[in-house]
Protein chains: 2
Amino acid sequence: MVYHKTEKIIEKQQSRKRKILNAAREILAEKEMGSTSIKAIAKRAGIATGTFYLYFKDKDALIDVLLKEIYKELLDIIKKERAPFTNGFDKLEATMKACIDTFMGKKHLAKILLDLSPQNNTVFNTKFSDIINDLISFTKIDLDELMEQQLIPEQDTLVSATAFVGAFREVILYWINSDEPLDIDLAYKTLINFNMRGLGKN
Amino acid sequence: MVYHKTEKIIEKQQSRKRKILNAAREILAEKEMGSTSIKAIAKRAGIATGTFYLYFKDKDALIDVLLKEIYKELLDIIKKERAPFTNGFDKLEATMKACIDTFMGKKHLAKILLDLSPQNNTVFNTKFSDIINDLISFTKIDLDELMEQQLIPEQDTLVSATAFVGAFREVILYWINSDEPLDIDLAYKTLINFNMRGLGKN
DNA sequence: GCAAAAAATGAATATTGGTTCAATTTATAA
DNA sequence: TTATAAATTGAACCAATATTCATTTTTTGC
């Protein structure tokens with residue numbers, strides 16, 4: 001005799017999976033990041049530790065899903081904000097603004113995507129640097145276009161893209177970990193100008 | 001009856017402490033950074049695990065000494081390279097060049113000082129971000145001076161300094177972790193130009 | 001309501017890595 | 001050379017966490 005899940009059970013299980021993911025997000029985003037234990041996550045999700053393993057193969061599987069999920073959220077926002085523009089500089093600026101707004105609005109997301117306080121967890125490290133490399137690649141595409149159109153001087157666009165992302169990341173992390181700057185407008189403008197000038201925009 | 005160490009023994013012990021520190025450097029600089037265990041360090045240093053505790057109170061003490069040591073090495077180099085210059089831009093450029101040369105020459109040093117693959121080791125995290133914050137502070141001093149002299153436009157110098165260091169760090173780490181760029185000259189010039197233009201140098 | 005199946009539980013197990021310590025080896029000073 | 005101090009060793013201990021599994025609870029289909 002084979003039993004089938006009822007609609008209600010399916011929903012309950014989906015909700016549980018969501019609860020686990022949210023609990024993990026919360027805990028990952030928290031200050032010391034020391035307590036990213038399955039026990040802690042399970043507890044916060046309101047389930048027994050063993051139950052976790054009914055929903056995820058192991059800890060790595062959770063991190064994989066989690067990172068993919070929040071990375072997709074970010075990309076969707078960026079995509080949406082870039083859509084109105086065709087000019088390369090405008091697109092880059094829109095990207096930066098979208099990121100700043102998103103990260104400052106959802107600091108937990110920034111903490112997870114930009115900060116690297118991985119355990120000695122290999123999977124996390126790998127996934128994480130994949131994301132940063134992705135962001136660099138996307139930026140490089142814009143830069144190659146701008147250089148093609150001779151709107152920025154001859155340069156190693158991979159290096160510029162890396163510097164661009166690095167500058168951005170360091171500043172956002174600084175804001176996340178310490179306090180936000182007093183004069184937010186000036187700070188925003190400084191960061192965006194720094195990167196735009198860095199590329200060689202006149 | 002109290003015995004006194006002979007010269008030979010003192011030397012042997014100093015050499016052992018050095019060996020431990022070097023072993024720790026090597027292991028910390030290694031790819032996956034998973035095996036920064038005392039056992040591994042002791043093994044590489046050619047001593048028993050228990051012996052480690054005759055030379056360092058605990059793991060934190062080792063990390064403390066280690067980071068201080070290599071940070072000092074870097075600062076000494078920077079200081080020396082900056083010495084000939086008085087102009088703010090020149091000093092900044094000298095700093096960058098010194099760092100690039102040092103880091104590319106001693107990649108293990110870069111890996112430890114710039115990369116952050118800390119365990120969930122609180123001490124390491126703290127010491128580490130202290131160093132980065134230090135570098136940002138030093139840069140800010142230069143920028144304040146330049147802004148004072150109206151050589152760069154009005155800006156939030158803390159933000160610029162942070163962006164400056166972030167851009168730099170991301171690029172160096174990229175070079176360390178992947179391969180160095182094909183056209184090194186162009187790459188160097190791109191990085192330095194990016195940062196100098198970013199500040200608003202005409 | 002009942003028996004089989006599925007899901008959930010959390011104590012037990014396994015693993016990893018820091019630290020200790022009784023036993024051993026080496027060094028000192030007469 | 002010998003008695004004692006100091007240094008070294010590495011197995012044992014401990015703590016923290018990921019993972020498993022025998023037991024219990026809930027759900028399903030009748």
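Letters go in sequence order (proteins before strands), and every chain restarts at 1.
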What residue pairs, at least two apart or across chains, pass side-chain hydrogen bond (donor to acceptor under 3.5 Å, both in side chains) with a residue in residues 45-56 of chain A? none
Atom NZ of A:K8 and atom P of C:dA7: how far apart are they, to the nearest Å? 15 Å
Tell me, yes or no, whether the heavy-atom count around B:E148 atom CD, taken from other residues, nucleotides or ligands under 6.0 Å, exceeds 12. no
Determine, using ring centers only, whether A:F52 and A:F56 are less than 6.0 Å apart. yes
Spacing of A:Y53 atom OH relative to C:dG10 atom P, expressed in whole Å: 16 Å
Of the options A:T162, A:D142, A:D144, which is the one that meets A:T157 in a side-chain hydrogen bond (donor to acceptor under 3.5 Å, both in side chains)? A:D144
Take the protein atom CD1 of B:I41 and the nucleotide atom C1' of C:dG18, then report the distance between them rounded to whole Å. 11 Å
Let me know the distance between CG of B:D58 and P of D:dC14, rounded to the nearest Å. 19 Å
Whole-Å distance, B:I38 CD1 to C:dG18 P, equals 5 Å
Please determine whether a side-chain nitrogen or oxygen atom of A:K59 lies at a distance below 4.0 Å from atom OP1 or OP2 of D:dA18. yes
Nucleotide-resolved protein contact map, nucleotides 3-10 of chain D, B/S/- at heavy-atom distance under 4.0 Å: BBS-SBBB
Could you give the side-chain donor-acceptor pairs of residues 94-110 of chain B under 3.5 Å, partners two or more places apart or in another chain?
residue	atom	partner	partner atom	Å
B:T95	OG1	B:R82	NH1	2.9
B:T95	OG1	B:K91	O	2.8
B:K97	NZ	B:E93	OE2	3.2
B:T102	OG1	B:A98	O	2.6
B:K107	NZ	B:E180	OE2	3.3

Distance, rounded to the nearest Å, where A:K17 contributes NZ and C:dA8 contributes P: 13 Å
Let me know the distance between CD of B:E11 and P of C:dA27, rounded to the nearest Å. 14 Å
Sorted by position of nearest nucleotide on DNA chain C, 5' first, the leading residue of B:H4 and B:K39 is B:K39
Looking only at heavy atoms, what is the nearest atom pair of A:R16 and A:G46, with distance? NH2-O, 4.5 Å
